[in-house]
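Just dropping this structure here.
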Amino acid sequence: MVKVTGVMMEYYFVCKKKLWYFANQIQMENENENVLIGRMIDENSYIQEKRNILIDGTINIDFIKKYKQIHES
């Protein structure tokens, strides 16, 4: 059985080609300057919060604030 992740749902609505790449574990953007900047921002933002919470091996929440607010970017 294939698990459908939140990322897969986003890609389905945004770009079906990107969904196909993701489902087939093909990554084409690793050296893209915008991707590198986004990764750096992600690594250095909200460091005081509980971050990158993986639920059931399927859903990855960016972070949860103190008052139980879930944030996705």
Side-chain angles (χ1 to χ4, degrees):
M1 183 163 108
V2 176
K3 286 188 176 184
V4 177
T5 68
V7 171
M8 293 169 100
M9 292 299 297
E10 177 186 357
Y11 290 169
Y12 178 80
F13 290 104
V14 173
C15 179
K16 290 180 178 60
K17 186 185 292 186
K18 193 166 185 169
L19 170 60
W20 186 87
Y21 289 146
F22 181 81
N24 289 281
Q25 300 177 343
I26 298 171
Q27 298 178 349
M28 299 182 67
E29 300 175 336
N30 285 335
E31 301 301 320
N32 180 295
E33 181 180 358
N34 291 329
V35 172
L36 295 173
I37 291 169
R39 193 171 293 135
M40 184 175 63
I41 291 170
D42 179 62
E43 290 169 359
N44 293 294
S45 298
Y46 301 103
I47 55 176
Q48 69 279 9
E49 306 296 342
K50 186 173 179 182
R51 301 170 21 121
N52 299 318
I53 300 130
L54 188 61
I55 300 172
D56 194 29
T58 304
I59 300 167
N60 188 3
I61 297 172
D62 288 342
F63 65 93
I64 298 177
K65 287 197 77 100
K66 295 175 186 171
Y67 298 104
K68 298 182 182 177
Q69 296 173 332
I70 295 173
H71 293 261
E72 278 290 315
S73 56

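Computed from a prediction, not measured in an experiment: that's the story for all the values here.
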Whether over 12 other heavy atoms sit under 6.0 Å from Lys17 NZ = no

Give me the other members of the hydrophobic cluster that Leu19 sits in, counting Ile, Leu, Val, Met, Phe, Trp and Tyr linked by side-chain heavy atoms under 4.5 Å, directly or via other members.
->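 When side chains under 4.5 Å apart are linked, the cluster holding Leu19 also contains Val4, Val7, Met8, Met9, Tyr11, Tyr12, Phe13, Phe22.
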
Applying the side-chain contact (heavy atoms from CB on, under 4.5 Å) test to Arg39, which of Val35, Asp42, Ile41 qualifies?
-> Val35

Nearest 0.5 Å, what's the CE-CG distance between Met40 and Asn44?
-> 7.0 Å

All side-chain contact (heavy atoms from CB on, under 4.5 Å) counterparts of Asn24, not counting sequence neighbours | Trp20, Ile26

